[in-house]
A.B. asks: 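Sharing a structure below in C-alpha cells format, with a few things to ask.
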Amino acid sequence: MTADVHAHTSYSDGSGIPLMVDAAEAAGLDAVGFADHCSLSEAWRDERLLWNRNFDRTHERRREALALAADRTDLTLYDAVEMDYEPGLEPAIEAFLDDADFDYALGSVHYVAGKQVFPFESFADASDAERRAFVDDYYDAVVSLVESELFDVLAHVDLVENHPALRGLTTDAHRERVAAACADSRTVPEINAGRAGDRGEFDLFHPTEPFLEAFRERGVRFVVGTDSHDPEDFGDRAPRLERYLAEAGIEPLPVEAVLGDSDGGFPPAAESGPSEAP
Ligand SMILES: [Zn+2]
Ligand SMILES: [Zn+2]
C-alpha cells in the first residue's frame, strides 16, 4: 500500500496538517489524500455551525495549506473531500463539487432519514424492526449515492456493520444491490480501515467479508483508505491494511483511477539543488 485515499485534518475532525503529513510519511506512504468531512445538510445546519463542521466554507483555505505542506514533504498530497450523501441533495452536491473542483470526492452515508449511524448509543432503545428498517434505509441511500454518479469513491460501504446494535443486519440482498450498482458505475468502493468507537474494540475493515466477495464476483475493484484522524492512525492502520490486502489477494487500484480530470494533487517540491548561476 503506497497511497491512502482517505485521511482527515483539523479542517474537519482530524489533526493538524503538518502532524498528519509527517505521520503518513513515517508510515511509508508515497501519497495521501485528505478527505475532510463536508455536509450540505440543511437538517444539521445549526449543529454544523456549532461544531465547526463548515468545510463547505473552508476548503479553499485548506487547499492553500496543502500547497504549503507539499513543499515540505516527499509525499504527494491530494486535495479531496468526504462528502455526506443525502438523497434529495444531489443538485446541491453536484453544484458544490463542480465549483470546488477537488482532486476527487468520496461519498459517504453517515446519516439517513434524519438519524445518524453513530454514536453507539443511538440505537440503544430501538426495536429490532426499527434497526432493520434503518439498515434498509441506509443501503437504499448507498445505492442512490452510487447511482448518482457524483462521487469517485464510495467510502466504508457497510458502515452499519461497525455499530454493535446494527451489526449482522446487512443481508445478501443489500450486498447484491450495492455490488451491482458499483459494477455499473464509475464510483469505486473503498477498503476502509477506520474503526468507530473505542479503539481496539473492533478490528474490521469495510467491506466486511461477504460484502467483499459480492464485489469481487462482479469484478469490482477497490481503492484503499486508512480513514486516519490522528497521526498515530497511519502507523497503526497502514501495515494492517497491507497485511489484509496481501492475505485477501487484493490488488488495489492506484489513486490515478479516481483522479478524473484533476491535474494530480500537489506533488512534492522538485529536489532543489544549488541554484544555477545565471
Ligand atoms: Zn466516514
Ligand atoms: Zn472519514
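Computed from a predicted model, the values in this text were never measured in an experiment. Counting convention: from 1, in listed order, for ligands and their atoms alike.
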A.B. asks: Please confirm whether the backbone N or O of Gly194 pairs with a side-chain atom of Asn192, one donor and one acceptor, at under 3.5 Å?
C.D. replies: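 A pair under 3.5 Å: yes.
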
A.B. asks: Considering the options Val255, Val32, Asp4, Leu66, which one meets the side chain to side chain contact (heavy atoms under 4.5 Å, CB included) requirement together with Tyr78?
C.D. replies: Val255

A.B. asks: Please find the N/O/S atom of Asp227 nearest to the Zn ion (ligand 2) and write down its name.
C.D. replies: OD1

A.B. asks: Name the residue from Asp36, Thr58, Asn54, Asn52 that meets the side-chain hydrogen bond (donor to acceptor under 3.5 Å, both in side chains) definition with Ser12.
C.D. replies: Asp36

A.B. asks: Under 2.8 Å from the Zn ion (ligand 2), can any N, O or S atom of His229 be found?
C.D. replies: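 Checking His229: none of its N, O or S atoms is under 2.8 Å.
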
A.B. asks: Under 2.8 Å from the Zn ion (ligand 2), can any N, O or S atom of His37 be found?
C.D. replies: no

A.B. asks: Looking at the Zn ion (ligand 1), is there an N, O or S atom belonging to His6 that lies under 2.8 Å away from it?
C.D. replies: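 Here the distance criterion (N, O or S atom, under 2.8 Å) is not met by His6, so no.
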
A.B. asks: Given Asp137 and Lys115, is the salt bridge (Lys or Arg N to Asp or Glu O under 4.0 Å) satisfied, shown in steps?
C.D. replies: CA-CA 10 Å; Asp137 289 343; Lys115 206 163 165 52; over 6 Å; no

A.B. asks: Of all the N, O or S atoms in Glu82, which one sits nearest to the Zn ion (ligand 1)?
C.D. replies: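 Going through the N, O and S atoms of Glu82 one by one, OE2 ends up nearest to the Zn ion (ligand 1).
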
A.B. asks: Tell me if the CZ atom of Arg186 is crowded by more than 12 foreign heavy atoms within 6.0 Å.
C.D. replies: yes

